[in-house]
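See below for the structure under consideration.
These numbers come from the heavy atoms of this one structure, side chains and all, not from hydrogens, waters or symmetry mates.
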Amino acid sequence: MEQHKQNLTWPGKLRVKYALIYTAWFGIMLWAMPKAAHFLDIPFWRRWSTYIFEHGLSNVYQVEDNNYNPLFHYFLYVFGLLAGSTVGIANKIYWIKAFPLVFDFVGALAAVSFVKGTQRRFALSFWLLLNIGYLYNSWVWGQVDSIYTCFVFFAAAFALRGKPIGSLVFYVLAINAKTQAIIFLPPLLLLWIPLWLQSGKKFPLAVLSAAAVQFLILIPFIWFGDENYVRHIIDINFNAVGFYKVISMGAYNFWHLVTQHFGITIQSDDLIVAGLTYRNWGLILFCLSSFIVLLPLFVITVRNLLAPDQAVPVERSLVFITFALIPICFCYFNTEMHSRYWHAALLFLAAYSFVTNRYFVFVLCSVAYLLNLESVLKFLQENYHLYIEHNPLLNHRAISILFTLVLLMGLVELYRLVDVRLHVREGINNLFSSRKATSPNA
């Protein structure tokens, strides 16, 4: 009995111990946080935070250059309250990086939630939190991609656990954090539709819950500002594409392999090549590559819908690698891509690696992403005299090749998991078998 009691209490003690270690590590990262950031982003955060402090959260969209969705401004509002004054906001602006850093930590914990064993979960999550490639975007650059990435991961995780209501709510939060979350809608739909069809109540409840969360987020911008800013928020989302009409905004992708590097960040993507603009070619390639990525999950979903009595489980490894490859394709083929748009892939690749023990693609993507961010921001170059851009082995084309390998090896990992032809064949056989069984002449 005493031994049984000890077994019950030990995991709780471990959780407390690990929580203290996570807290200590977070504190160390805050203490060591670089007083540096991208020269364009931090001034935006400062200006928007100051305006919120002086005029209220509800009027932040009066700032002409404000093109971020509502949820981020709640964080700016809280930051302003903690800073206490406009002078405090200006002096402490780099502390705003603590918000996305929290989501890096939460994301790491979520990524290991599918792994068995308390000690192994801790070891893997802490290993991820030591990965500078994973943390650079929040901790050094000062951007906030980790926020929407974390919400999308929770949306996928809840769907995998058969909870479509929570999944849709987290996706709404993701969209309200950043418009880029829209690229995850197709794979999420493939997870949601079977869950909705299993229970007629889940779909309306999910929609009502998501609508309620969206309404709560928008309340300050509907009634408490000088005007109703909902139309402005909608315009921000519909005009997100084409905001920077250049071939690349710093992402070392496909276009750095097929065009001249010099001038690519100022060359318009409206230029026509073979009858289409660069932007149109990028969108077509993204759609084609996304189809290839989504095909295994699509085939399994359709098979399960056609023959629910012979449904096969959707493996979490398949979901994680699919969700990882979607932002890879998005950033690799589209024009106007920023270097930080790769970020969403890392968390899903980490989760895939943790459940399969196959780490090559995750490590490769971490290296490529770190090199791409550093090549643009040059934090290590300016502070530690580590020159990446001028190294012929680590220049823009070399980094583009690394991302090419990430995409190709990711596809190999994806199709290693699923025999698409087998599922199509079995799905057709199951469909005809079920029809014969229900036929009057059977």
Side-chain angles (χ1 to χ4, degrees), residues 11 14-16 18-23 25-26 29 71 75 98-131 133-139 143-178 180-181 183-185 187-188 191-192 195 213 314-327 342-359 361-362 365-366 369:
L14 273 179
R15 284 193 291 270
V16 173
Y18 294 153
L20 291 175
I21 296 175
Y22 288 129
T23 303
W25 181 236
F26 185 78
M29 295 209 66
L71 195 60
F75 294 107
F99 290 106
L101 190 61
V102 167
F103 284 87
D104 284 321
F105 273 67
V106 174
L109 295 175
V112 299
S113 64
F114 291 87
V115 177
K116 293 181 179 180
T118 304
Q119 292 180 330
R120 186 165 185 266
R121 285 197 295 269
F122 169 74
L124 290 174
S125 63
F126 208 78
W127 179 66
L128 180 56
L129 292 173
L130 292 173
N131 183 345
Y134 175 67
L135 297 172
Y136 191 110
N137 188 46
S138 303
W139 191 59
Q143 257 292 346
V144 294
D145 300 87
S146 63
I147 298 176
Y148 93 89
T149 299
C150 185
F151 285 138
V152 170
F153 189 91
F154 271 96
F158 269 68
L160 275 172
R161 293 187 167 109
K163 299 178 180 179
I165 297 174
S167 178
L168 185 55
V169 166
F170 274 110
Y171 183 65
V172 168
L173 292 173
I175 286 288
N176 279 271
K178 268 206 169 180
Q180 283 94 323
I183 65 175
F184 293 100
L185 182 58
L188 281 170
L191 298 179
W192 288 337
L195 296 175
V213 170
V314 177
E315 296 294 334
R316 55 195 179 180
S317 55
L318 173 63
V319 171
F320 292 148
I321 192 66
T322 300
F323 275 70
L325 287 173
I326 289 296
W342 305 105
H343 185 86
L346 269 189
L347 186 57
F348 285 101
L349 281 177
Y352 172 77
S353 300
F354 297 159
V355 299
T356 61
N357 290 320
R358 297 173 68 89
Y359 294 92
V361 179
F362 169 65
C365 189
S366 297
Y369 182 45

Legend entry - Check against side chain to side chain contact (heavy atoms under 4.5 Å, CB included), Q143 and K178: CA-CA 11 Å; Q143 257 292 346; K178 268 206 169 180; 3.4 Å; yes

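- Using a 4.5 Å heavy-atom threshold, the side chains of F26 and L129 count as separate.
- Applying the side chain to side chain donor-acceptor pair (under 3.5 Å) criterion to E315, with sequence neighbours excluded, gives no partner residue.
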Inset, instruction - Give the C-alpha distance, both sets of side-chain angles, the deciding distance and a yes or no for side chain to side chain contact (heavy atoms under 4.5 Å, CB included) between F323 and L191. - result: CA-CA 11 Å; F323 275 70; L191 298 179; 4.0 Å; yes

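- L128 approaches Y134 most closely through the heavy-atom pair O-CD2, 3.6 Å.
- With sequence neighbours left out, N176 forms a side chain to side chain donor-acceptor pair (under 3.5 Å) with Q214.
- Nearest heavy-atom pair across S366 and N131 is OG-ND2, 3.0 Å.
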Side-chain donor/acceptor pairs under 3.5 Å, residues 167-174, sequence neighbours excluded:
{"from": "S167", "atom 1": "OG", "to": "A155", "atom 2": "O", "distance (Å)": "2.5"}
{"from": "S167", "atom 1": "OG", "to": "W192", "atom 2": "NE1", "distance (Å)": "2.7"}
{"from": "Y171", "atom 1": "OH", "to": "A181", "atom 2": "O", "distance (Å)": "3.1"}

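- Separation of atoms CH2 (W342) and CG (N137) is listed at 13.5 Å; rounding is to 0.5 Å.
- Atom CZ in F354 sits 10.5 Å away from atom CG in L349 (nearest 0.5 Å).
- In this structure, CG in L318 is found 12.0 Å from OG1 in T356, a value given to the nearest 0.5 Å.
- Not counting sequence neighbours, R120 has no partner by the salt bridge (Lys or Arg N to Asp or Glu O under 4.0 Å) test.
- The side chain to side chain donor-acceptor pair (under 3.5 Å) test applied to S125 returns Y22, not counting sequence neighbours.
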Inset, instruction - Give the intermediate values and the outcome of side chain to side chain contact (heavy atoms under 4.5 Å, CB included) for residues F75 and V144. - result: CA-CA 10 Å; F75 294 107; V144 294; over 6 Å; no

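- Legend: residues meeting side chain to side chain donor-acceptor pair (under 3.5 Å) with R121, ordered by chain and number and at least two apart, are T118.
- Y136 meets the ring pair (Phe, Tyr, Trp, His ring centres under 6.0 Å) test with no other residue; sequence neighbours excluded.
- By the side chain to side chain contact (heavy atoms under 4.5 Å, CB included) test, A345 pairs with P327, I328, sequence neighbours left out.
- Side-chain contact between F153 and F320 is present, with heavy atoms from C-beta onward closer than 4.5 Å.
- Here the shortest heavy-atom pairing between F158 and G166 reads CD2-CA, 3.8 Å.
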Donor-acceptor pairs under 3.5 angstrom involving side-chain atoms of residues 98-114: please list them, not counting sequence neighbours.
{"from": "D104", "atom 1": "OD2", "to": "S138", "atom 2": "OG", "distance (Å)": "2.7"}
{"from": "S113", "atom 1": "OG", "to": "A110", "atom 2": "O", "distance (Å)": "2.6"}
{"from": "S113", "atom 1": "OG", "to": "R161", "atom 2": "NH2", "distance (Å)": "3.3"}

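- Every residue was checked against the ring pair (Phe, Tyr, Trp, His ring centres under 6.0 Å) condition with W139, not counting sequence neighbours, and none meets it.
- Distance check, rounded to the nearest 0.5 Å: CG of L346 to OG1 of T149 gives 9.0 Å.
- Screening I321, T322, L347, L325 for a side-chain contact (heavy atoms from CB on, under 4.5 Å) involving Y352 leaves a single residue, I321.
- Checked against ring pair (Phe, Tyr, Trp, His ring centres under 6.0 Å), F126 has the following partners two or more places apart in sequence or in another chain: W25, F122.
- Partners of Y148 according to the ring pair (Phe, Tyr, Trp, His ring centres under 6.0 Å) rule, which considers only residues two or more places apart in sequence or in another chain, do not exist here.
- Shortest non-hydrogen contact noted between L135 and M29 is CD1-CE, 3.5 Å.
- Two residues are said to be in side-chain contact when any heavy atoms from C-beta on lie closer than 4.5 Å; P187 and V319 fail this criterion.
- Residues I326 and F348 are not in side-chain contact: their nearest non-hydrogen atoms beyond the backbone lie 4.5 Å or more apart.
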